[in-house]
Amino acid sequence: MKDLLTIDQLGSDGINEIMIVADSFAEVCQRPIPKVPALRGKTIASMFFEDSTRTRTSFETAAKRLSADVLNFSASSSSVNKGESLRDTVETIEAMGVDAIVVRHGSSGAPEQISRWASASVINGGDGWHAHPTQALLDVYTIREEGRSFEGLRIAIVGDIAHSRVARSNIEAFGLLGAEVTLVAPPTLLPPYVDVLGAKVSNDLDAVLGETDVLYLLRMQHERMDQALVPSLGEYHRAFGLTRERAKRLSSTALIMHPGPMNRGIEISPEVIDDPRVRVLNQVTNGVIVRMAVLYLVIGSASAERAAS
Ligand code: CP
C-alpha cells in the first residue's frame, strides 16, 4: 500500500489490518505523552486545495504523534494563485524531500493523478464527489469501538448522497464488512447511478428509522450544488432532518453519526446534538488514531518497497 486512494483498494482485510494497528495507537494516545518515534525523520506534506478543519488538523496531529515533520501547504496562499499548475506545485513540494503527501482537492481523481507524478506516498484526504477513505475508516473504527459487529448491522446514510464523497467511501467500507446500508434522500439528492452502489434506497426517513442501528447524517453540500435541489432547507429539515421527535423513535442503542461540519437545524436539530447516542466527537477523536495507523502503514510499506527495489 504505497498510496491510500480509495476504500475498495483495501478490501475487508485491509480495513481490518488498519483497525488493528489503530488499536495500538489508541493506547499511545492515552499516554501522558502521546507520542512515539515510529516516523522520526519522515516528512509529511499536507496539501489542501479545499477547506478542511477535521481532516487537515487530525492528519497533522497524527503525524506529530508519530514524530514526523509536517510541511503545510495551503493553496489559498500559494503560487497556485499565480497560475502554477497542480503538477508543478506537487513536484515543487516533493523536491523538498517528503515521504508522503496528504491531499484534498475539489476535483475527483486528483489524488490518483498526483500518485502517478509523485514517488512519495499519496493519501487521499477527500477528492471532489469521489472518495474520502480515511473518513470511512474512522467511521468504521467508531462503530467497532462500540462493540458492534458489522455483519447485518443496519446503517442508514441520510441526506445529500449525490454530492458526498463520504457516502461513497462509507457505502464501500460498510458493505465490505457485511453491513446492510440504506441510502435515505429525496430523489434529487441521489446520484443517477444509485442502483450500482450496492445499497438499498428509500425516500422516507420515517419508514427507516425504526429499523436502524446506525443513523449516519450527511451535510447538505450547498457549495457543490448548481441548482436548488430541495424546495427549501426548512422543508428538507422537516422531511429528512433528525428532529427531537424522530430521535425519540430511534432505538435507545442506535448510534447517531455525522462526518462534520454539521448544519445545525438542517440535518440535525440543535436540541438533538447533545443526545447521548451522538458520536460526532468520538469520530473526531478516532480520526487522529486511524490516521496515525494509515500514515504508519503507508509510509512503512513505501519505505520497505524502496529498500527492496
Ligand atoms: N469530515 C471532514 O472531511 O471534515 P473537514 O472538511 O473539516 O475535513
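Start at 1 and go down the list; that is how both ligands and their atoms are numbered. All values derive from a computational prediction rather than experimental measurement.
For ligand 1, the atoms closer than 4.0 angstrom to any heavy atom of G260 are 1 (N), 2 (C), 4 (O). Counting atoms of ligand 1 from 1 in the listed order, those under 4.0 Å from a heavy atom of T53 are 5 (P), 7 (O), 8 (O). Residue contact check: Q135 has heavy atoms under 4.0 Å from atoms 1 (N), 2 (C) of ligand 1.
Put simply, the side chain of I44 does not reach to within 4.5 Å of the side chain of V98, judged on heavy atoms. No side-chain heavy atom of L138 sits under 4.5 Å from any side-chain heavy atom of V284. Counting heavy atoms from C-beta on, the side chains of I268 and M262 come closer than 4.5 Å.
If you look at F25 and Y296, their ring centroids are closer than 6.0 Å.
Ligand 1 has an N or O atom lying under 3.5 Å from an N or O atom of H132, backbone or side chain. For ligand 1, one of its N or O atoms has an N or O atom of P259 under 3.5 Å away.
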query = For R246 and D206, what are the C-alpha separation, side-chain angles and deciding distance, and is it a salt bridge (charged side-chain N to carboxylate O under 4.0 Å, His left out)?
reply = CA-CA 7 Å; R246 289 200 177 101; D206 292 305; 2.8 Å; yes
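Of the protein's heavy atoms, R54 NE, 3.1 Å lies nearest to atom 4 (O) of ligand 1. Of the protein's non-hydrogen atoms, the one nearest atom 2 (C) of ligand 1 is T55 OG1, 3.7 Å.
In this structure, R104 fails the cation-pi test against F48, since its NZ or CZ atom is not both closer than 6.0 Å to the six-membered ring centre and inside 45 degrees of the ring normal.
Taking all heavy atoms of R104, E50, H258 into account, the minimum distance to atom 6 (O) of ligand 1 is reached by R104.
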